[in-house]
Enquirer: 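Got a structure for you, questions after.
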Amino acid sequence: QVQLVESGGGLVQPGGSLRLSCTASGFILDDYAIGWFRQVPGKEREGVSCISSSDRITYYADSVKGRFTISRDNAKKTVYLQMDSLKPEDTAVYYCATDYVYRVVGDCFLGDYVYDYWGQGTQVTVSS
């Protein structure tokens, strides 16, 4: 079955870096878009970054542009989110998701409405 598992979260000081991993199973990773989202309790879920099928397109939220980088390793069935120059406001639970049923080919979205399979999330805390 389709499954996504996030890892790599943790506690980091402001200005530090983390790399989140989203490992997929049950489907061909390169054929689907992957999105990274984050959520703070009491706030709406925010789209952070996405990568389209075949890596044609990537998008970033304005709040992370220039600091975060999304990439895909199909051999490892994993999508990464490299997060540099972290700020306290980046603190959140981070989720990855795929559009397995909706399936947008060659594009991706930061809106969560196209994503139908989600991981369980990984906590990122940026604090001194």
Enquirer: So which pairs with a foot in residues 80-128 pass disulfide bond (SG atoms under 2.5 Å apart), sequence neighbours left out?
Expert: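 Applying disulfide bond (SG atoms under 2.5 Å apart) to every pair that reaches into residues 80-128, excluding sequence neighbours, yields Cys22-Cys96, Cys50-Cys108.
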
Enquirer: Nearest heavy-atom pair of Gly106 and Ser52: which atoms, and what distance?
Expert: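 Closest approach of Gly106 to Ser52, heavy atoms only: C-CB, 3.7 Å.
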
Enquirer: To the nearest 0.5 Å, what is the distance between CZ (Phe68) and OG (Ser63)?
Expert: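 Separation between the atoms: 7.5 Å.
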
Enquirer: If the condition is side chain to side chain contact (heavy atoms under 4.5 Å, CB included), which residues does Ser54 pass it with, not counting sequence neighbours?
Expert: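 For Ser54 the side chain to side chain contact (heavy atoms under 4.5 Å, CB included) partners, ignoring immediate neighbours, are Asp30, Arg56.
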
Enquirer: Are Val101 and Tyr32 joined in one hydrophobic group, where the rule is that I, L, V, M, F, W and Y side chains link up if heavy atoms are under 4.5 Å apart?
Expert: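 Linked within one cluster.
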
Enquirer: In this structure, would Leu20 and Val79 fall into the same cluster of hydrophobic residues linked by side-chain contacts under 4.5 Å?
Expert: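 Same hydrophobic cluster.
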
Enquirer: To the nearest 0.5 Å, what is the distance between OG1 (Thr58) and CD1 (Ile51)?
Expert: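 One finds 6.5 Å between OG1 of Thr58 and CD1 of Ile51.
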
Enquirer: Is the number of heavy atoms from other residues, nucleotides or ligands within 6.0 Å of OH (Tyr100) greater than 12?
Expert: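 At most 12 heavy atoms, drawn from other residues, nucleotides or ligands, come within 6.0 Å of this atom.
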
Enquirer: Nearest 0.5 Å, what's the CG-CG distance between Asp31 and Asp99?
Expert: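 Output value for this atom pair is 10.5 Å.
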
Enquirer: To the nearest 0.5 Å, tell me how far Tyr94 OH sits from Glu46 CD.
Expert: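 One finds 7.5 Å between OH of Tyr94 and CD of Glu46.
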
Enquirer: Which residues satisfy the side chain to side chain contact (heavy atoms under 4.5 Å, CB included) test with Arg45, sequence neighbours excluded?
Expert: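 Scan of Arg45 (side chain to side chain contact (heavy atoms under 4.5 Å, CB included), adjacent residues dropped) gives Phe37, Gln39, Asp112, Trp118.
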
Enquirer: Using a 4.5 Å cut-off on heavy atoms from C-beta on, say whether the side chain of Gln123 contacts that of Thr91.
Expert: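 They are in side-chain contact.
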
Enquirer: If we ignore hydrogens and angles and just use 3.5 Å, is the side chain of Tyr60 paired with the main-chain N or O of Ile70 as donor and acceptor?
Expert: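 Yes, because the side chain of Tyr60 sits within donor-acceptor range (under 3.5 Å) of the backbone of Ile70.
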
Enquirer: Can you give me every donor-acceptor pair (side chain of residues 81-89, partner residue at least two apart or in another chain, under 3.5 Å) with its distance?
Expert:
| residue | atom | partner | partner atom | Å |
| --- | --- | --- | --- | --- |
| Gln82 | NE2 | Asp84 | OD1 | 2.9 |
| Asp84 | OD1 | Ser17 | OG | 2.7 |

Enquirer: Any donor and acceptor pair, going by atom type alone, linking the side chain of Glu6 with main-chain N or O of Gln120 inside 3.5 Å?
Expert: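 Indeed, once roles are kept as given, a pair shorter than 3.5 Å links the two residues.
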
Enquirer: Which residue pairs pass the salt bridge (charged side-chain N to carboxylate O under 4.0 Å, His left out) test when at least one of the two sits in residues 58-68, sequence neighbours left out?
Expert: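 Salt bridge (charged side-chain N to carboxylate O under 4.0 Å, His left out) check on residues 58-68 returns Asp62-Lys65, Arg67-Asp90.
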
Enquirer: Any pair with a residue in residues 117-128 that passes salt bridge (charged side-chain N to carboxylate O under 4.0 Å, His left out), sequence neighbours left out, goes on the list, sorted by first then second residue, please.
Expert: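 Pairs touching residues 117-128 that pass the test: none.
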
Enquirer: Checking the side chain of Arg72 only, and the main-chain atoms of Leu29 only, is there a donor and an acceptor separated by less than 3.5 Å?
Expert: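 Yes, the answer is positive, given that a donor and an acceptor are paired below the 3.5 Å cut-off.
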
Enquirer: How long is the gap from CG on Leu4 to OH on Tyr117, to the nearest 0.5 Å?
Expert: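 Reported value, rounded in 0.5 Å steps: 10.0 Å.
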
Enquirer: Indicate yes or no: at least one non-hydrogen side-chain atom of Asp107 is less than 4.5 angstrom from one of Tyr59.
Expert: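 Result yes, sub-4.5 Å side-chain heavy-atom pair found.
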
Enquirer: Say whether Thr78 and Thr23, considering side chains only, have a donor N or O and an acceptor N or O under 3.5 Å apart.
Expert: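 Looking only at side-chain atoms, Thr23 and Thr78 do form a donor-acceptor pair, the distance falling under 3.5 Å.
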
